[in-house]
Protein chains: 2
Amino acid sequence: MAFERAFDVAKKISDSAIHRLSLYVRILEEWEREGRDTTSSEELAERGGTTAAQVRKDLSLFGSFGKRGLGYSVGELADHIRSILGLGRTWRVALVGAGRIGTALLEYRGFRERGFDIVAVYDADPAKVGGCVGERTVRDVAGLEEGIRAEGVEIVVLAVPGEAVQPIVDLVVRAGVRGILNFAPLKPRVPEGVTVRDVNLVMELEALSFALSQDGPDA
Amino acid sequence: MAFERAFDVAKKISDSAIHRLSLYVRILEEWEREGRDTTSSEELAERGGTTAAQVRKDLSLFGSFGKRGLGYSVGELADHIRSILGLGRTWRVALVGAGRIGTALLEYRGFRERGFDIVAVYDADPAKVGGCVGERTVRDVAGLEEGIRAEGVEIVVLAVPGEAVQPIVDLVVRAGVRGILNFAPLKPRVPEGVTVRDVNLVMELEALSFALSQDGPDA
DNA sequence: GGTCGTTTGTGAAATCCTTCACATAACGTA
DNA sequence: TACGTTATGTGAAGGATTTCACAAACGACC
């Protein structure tokens, strides 16, 4: 295989490891802004709510980025992790669903800052199509498949009601999208090779509810 | 201990198990609406994207709710899971941060439907305080601690900028809150017994970015 | 250059989670 | 009542992730 990278040698990287890496970058960037030069697995763990061993294991999945006895260079480590996560580039994102959540996402400038560029917005509601959210025009979802191909969209953010999810997922997958961020409360079915990540606020609240019901019969 | 429930006998329940339970309820409720009477671990697994064995294991953590040879009663199983998750009641929730994400959450009626009642909204911005979002008046965050006690708030949804998170967390914990849903991109520190769940859109996108960077050198 | 204190990187152990496989219970039928 | 069919509940096996513990590497200091 000619295109191998250091870390695609058939190793399974756990979801939680990726989440932690993502967190480490954010911490490191904060420290970069503060002008800190070096850090240690200990410090990163402390700040990220995990353990030093965990930090080192996470990093060791992809290489060795520190100096024994000294720790890590804040800037270099951030660069390495960004490159591991594929953040050295801009991703072209389409938002489908210009409802409450959708428009809130649009306004959130954190996305573009971190390399996720929302290039188009779609909705099925004729009342919304043609209107504006932010500086973008809402397009008719009928043109979604073509639009995805034309704009080279790689990631779709889905903020549509539950019923609409599966058809749209099928469509965007057909159009070549292989990454979907789904806000609807049910898991769409996708073929091998397509990644879906679900963000489900109600589930999170229910997990809180469980935790609170657990400890203490309370008031 | 007088107040024992079937499942608080010092058993650790994994996060993913809880998430799956949450998903099962949603599926079961859909089937309840469709008028289905019974189901099986097989069907639930199929619909929920997991395996029959997993479904049975998840349920067996809390009891046995089915009939061998027959399966589960849709309604009864839904009831059981709701009770496990502590959803048989209404939770009093305060929203802190009336920005984009905060207000989007407010309008999302799924919360109240599922027993999460947003009883108050707070913000630090003087320009927002006194104003209305939906039918609620935004209060000054200065009165947060007192408000939490007065209103009996049990869960706080935090949609504030990163810097503001830790001070507010400290404050709401002091006021007696033990469940926090945090939208800011960093993990606040909390004492034992307080549960924080993080929802982090950027992290999810970064996980997608990683997945897409992984397979195939692609176009 | 040798010694000391430090912190990484990593096999091995421990823990946690999922899958397997099957005994068990329930119902229908005769 | 006995038998066949079905699908649960659960120990045990298998995998995955986290923690442990320590050798190896580095700089500082004498």
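Residue numbers start from 1 in every chain, and the chains themselves are labelled A, B, ... in the order their sequence lines are given, proteins ahead of strands.
A 4.5 Å side-chain heavy-atom check between B:Arg82 and B:Glu29 finds at least one atom pair inside the cut-off. The side-chain heavy atoms of A:Ile81 and A:Leu59, taken from C-beta on, include a pair separated by under 4.5 Å. By the 4.5 Å heavy-atom criterion applied to side chains, A:Val196 and A:Leu158 are not counted as neighbours.
The list of ring pair (Phe, Tyr, Trp, His ring centres under 6.0 Å) pairs with a residue in residues 14-40 of chain A, not counting sequence neighbours, is empty. Sorted by first and then second residue, the side-chain hydrogen bond (donor to acceptor under 3.5 Å, both in side chains) pairs with a member in residues 187-200 of chain A read A:Asp15-A:Arg197, A:Asn182-A:Asp198, A:Lys187-A:Asp198, A:Arg197-B:Glu204; sequence neighbours excluded.
Near-neighbour residues of DNA chain D inside residues 34-49 of chain B, defined by a heavy atom below 4.0 Å, number-ordered: B:Ser40, B:Ser41. Contacts between residues 72-82 of chain B and DNA chain C, counted as heavy-atom distances below 4.0 Å, involve no residue at all.
Evaluation of the ring-ring contact (aromatic ring centres under 6.0 Å, His included) rule for A:His80 yields A:Phe65 as partners, not counting sequence neighbours. When the side-chain hydrogen bond (donor to acceptor under 3.5 Å, both in side chains) test is applied to A:Thr103, no partner is found at least two apart in sequence or on another chain. The ring-ring contact (aromatic ring centres under 6.0 Å, His included) test applied to A:Phe183 returns no partner, not counting sequence neighbours. Considering only residues two or more places apart in sequence or on other chains, B:Gln54 meets the side-chain hydrogen bond (donor to acceptor under 3.5 Å, both in side chains) condition with B:Asp58. For A:Asp117, the side-chain contact (heavy atoms from CB on, under 4.5 Å) partners are A:Thr90, A:Arg112, A:Val119, not counting sequence neighbours.
Regarding B:Asp15, its CG atom lies at a distance of 13 Å from the C1' atom of C:dC16, rounded to whole Å. Computed from coordinates, the A:Phe65 CZ to C:dT7 P distance equals 20 Å when rounded to whole Å.
A residue-by-residue look at A:Asp58 and B:Ser64 shows that B:Ser64 has its nearest nucleotide of DNA chain D further toward the 5' end.
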Distance-only check: which donor-acceptor pairs under 3.5 Å involve side-chain atoms of residues 69-76 of chain B, not counting sequence neighbours?
unit_1  : atom_1 : unit_2  : atom_2 : d
B:Ser73 : OG     : B:Glu76 : N      : 3.1

Inset, instruction - Summarise how protein sits on nucleotides 21-30 of chain C as a single string, 5' to 3': B when a protein heavy atom is under 4.0 Å from the base, S for sugar-phosphate-only contact, - for no contact. - result: B-BBBSS---
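Environment of CD in A:Glu42: sparse, with no more than 12 heavy atoms of neighbouring residues, nucleotides or ligands closer than 6.0 Å.
For DNA chain D, the contact window with chain B, defined by any atom under 4.0 Å from a protein heavy atom, covers D:dT6 to D:dA12 in 5' to 3' order.
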